[in-house]
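Presented below is the structure to which this report refers.
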Amino acid sequence: MDIHLKALTFSYPNHTQAVLRGLTLDIPSGQFVAIIGQSGCGKSTLLRLLAGLLSPTHGHIAFNGTLSTGPSQAHTVAWMAQSPALLPWLTTYQNVALALKFTRTGKSPLMSPEEALDRVGLSQYAHEYPHRLSGGMQQRVALARLLVQGAPIWLMDEPFSALDELTRENLSDTLLDLWQWLKPTILWVTHHIYEAVRLADRILVLSPRPAQIAADLEIILPRPRDENHPQFSAYVNQLRKSLFSSNGQESTSNDRFIA
Ligand SMILES: Nc1ncnc2c1ncn2[C@@H]1O[C@H](COP(=O)(O)OP(=O)(O)OP(=O)(O)O)[C@@H](O)[C@H]1O
């Protein structure tokens, strides 16, 4: 499903300074977009607007040419955050099956909870409770929930940032496999420049508040991507420059993470 933002501006109620100002953007269906920017610049606010949890102050958002109508679009977007938000009194299977309530009204789910758990490698843990799962496994349950929900747009707000590097890399690979298979449109907020270049089709750099698009970079490299490829480093350097110049700072070669 494609996404169109037109002059999107947003201020929180009773706040005079806008968080986002005049964002105009087209995201084609099935594109994997990473969003990076300094802490507090408005990345999560942008995702909340796309989820219909907030309404634009000016401008609009359209999905496949139809104006967004707020939270009633629950079947259009699925959300994944840093915390998996599993219900501790339900098993893995029951937590995933809860997502059936958010599938497209009147249509049978695209994927059963059993198949979704199999896809994320957790079939053997279907009857375990969340406290018996590691942080990485809990985020796999959250991924399985996305699969069952079957939404064409996945909004992902730093979903792996609380995990150790190796687990994060494993989960990123799983996410990439799932995206290549199902081709949802992904908007993925991250603080990791390398991870963004490794996974995304396109990277948007937001400038500090009020956020505008400081850079819009397409990553043209075959997958799987090799961090040692010279073009990979060129993208990383380009992003680092845009990020720090939009913030009025000098970048250093060690800025693997933004903040
Ligand atoms: N409910 C709210 N009411 C008022 N201001 C808010 C609210 N939520 C966020 N803000 C402010 O809006 C700005 C953008 O916040 P947001 O969480 O979107 O930033 P972010 O780029 O996602 O940050 P981070 O990378 O640290 O998660 C910040 O200055 C924040 O303080």
Side-chain angles (χ1 to χ4, degrees), residues 3 5-25 27 32-61 68 70-71 73 77-85 135 138-139 142 146 153-165 168 171-172 175 185-200 202-217 236 239-249 251-252 254-259:
I3 302 173
L5 308 185
K6 174 76 178 167
L8 185 70
T9 295
F10 177 78
S11 309
Y12 281 99
N14 307 320
H15 287 250
T16 44
Q17 199 196 4
V19 176
L20 309 172
R21 188 166 63 201
L23 260 61
T24 293
L25 187 66
I27 299 174
F32 191 143
V33 180
I35 302 170
I36 62 176
Q38 293 287 336
S39 187
C41 74
K43 302 178 294 296
S44 301
T45 301
L46 175 60
L47 292 198
R48 279 184 226 129
L49 283 156
L50 286 159
L53 301 172
L54 298 171
S55 301
T57 309
H58 299 291
H60 66 251
I61 298 169
S68 161
Q73 301 259 350
V77 300
W79 183 283
M80 185 167 169
Q82 196 173 330
S83 154
Q138 292 191 19
Q139 281 302 59
L146 284 194
I153 297 173
W154 295 2
L155 303 176
M156 312 189 81
D157 197 355
E158 299 183 56
F160 309 140
S161 61
L163 305 172
D164 66 81
E165 191 152 351
R168 207 175 56 232
L171 269 161
S172 304
L175 173 63
T185 309
I186 294 185
L187 272 89
W188 175 56
V189 169
T190 180
H191 281 276
H192 299 263
I193 299 175
Y194 276 76
E195 210 168 63
V197 176
R198 201 166 71 81
L199 298 188
R202 177 182 183 187
I203 302 178
L204 301 175
V205 180
L206 295 189
S207 61
R209 183 175 176 174
Q212 291 177 310
I213 295 169
D216 182 348
L217 185 66
V236 169
L239 284 163
R240 202 181 267 145
K241 274 200 191 116
S242 330
L243 191 62
F244 286 89
S245 63
S246 74
N247 198 36
Q249 292 174 4
S251 74
T252 74
N254 290 325
D255 299 321
R256 193 178 171 93
F257 306 136
I258 301 162

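The residues of the chain are indexed from 1 along the displayed sequence. Note that ligands are numbered from 1 as they come in the structure, with each ligand's atoms numbered from 1 the same way. Because the structure is predicted, anything quoted here is derived from the model rather than measured.
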(request) Using ring pair (Phe, Tyr, Trp, His ring centres under 6.0 Å) as the criterion, list what pairs up with Trp188, not counting sequence neighbours. (result) Phe32
(request) Keeping the roles fixed (side chain from Ser207, backbone from Gln212), state whether a donor-acceptor pair exists under 3.5 Å. (result) yes
(request) Compare all side-chain heavy atoms of Leu8 with those of His60 and state whether any distance is below 4.5 angstrom. (result) no
(request) Measure the distance from atom 17 (O) of ligand 1 to every protein heavy atom, then report the residue, atom name and distance (to 0.1 Å) of the closest one. (result) Ser44 CB, 3.8 Å
(request) For atom 30 (C) of ligand 1, grab the closest protein heavy atom and report residue, atom and distance to one decimal in Å. (result) Arg209 NH1, 4.2 Å
(request) May I ask you to test the Ser11-Gln17 pair for a side-chain heavy-atom distance under 4.5 Å? (result) no
(request) If you have a sec, work out which protein heavy atom is nearest atom 12 (O) of ligand 1 and how many Å separate them, to one decimal? (result) Tyr12 CE1, 3.5 Å
(request) Could you tell me the residue and atom name of the protein heavy atom closest to atom 26 (O) of ligand 1, and the distance to it rounded to 0.1 Å? (result) Ser39 OG, 2.5 Å
(message) Could you identify the single nearest non-hydrogen protein atom to atom 28 (C) of ligand 1 and state the distance to 0.1 Å?
(response) Gly40 O, 3.5 Å
(message) I need the nearest protein heavy-atom contact for atom 19 (O) of ligand 1: residue, atom name and distance, please.
(response) Gly42 N, 3.3 Å
(message) The criterion is side-chain contact (heavy atoms from CB on, under 4.5 Å); which residues satisfy it with His58, sequence neighbours excluded?
(response) Thr9
(request) Starting from atom 25 (O) of ligand 1, locate the nearest protein heavy atom and write down its residue, its atom name and how far away it is, to 0.1 Å. (result) Lys43 NZ, 2.8 Å
(request) Could you tell me if any non-hydrogen atom of Cys41 lies under 4.0 Å from any atom of ligand 1? (result) yes
(message) Looking only at protein heavy atoms, which one is nearest to atom 16 (P) of ligand 1, and what is the separation?
(response) Thr45 OG1, 3.6 Å
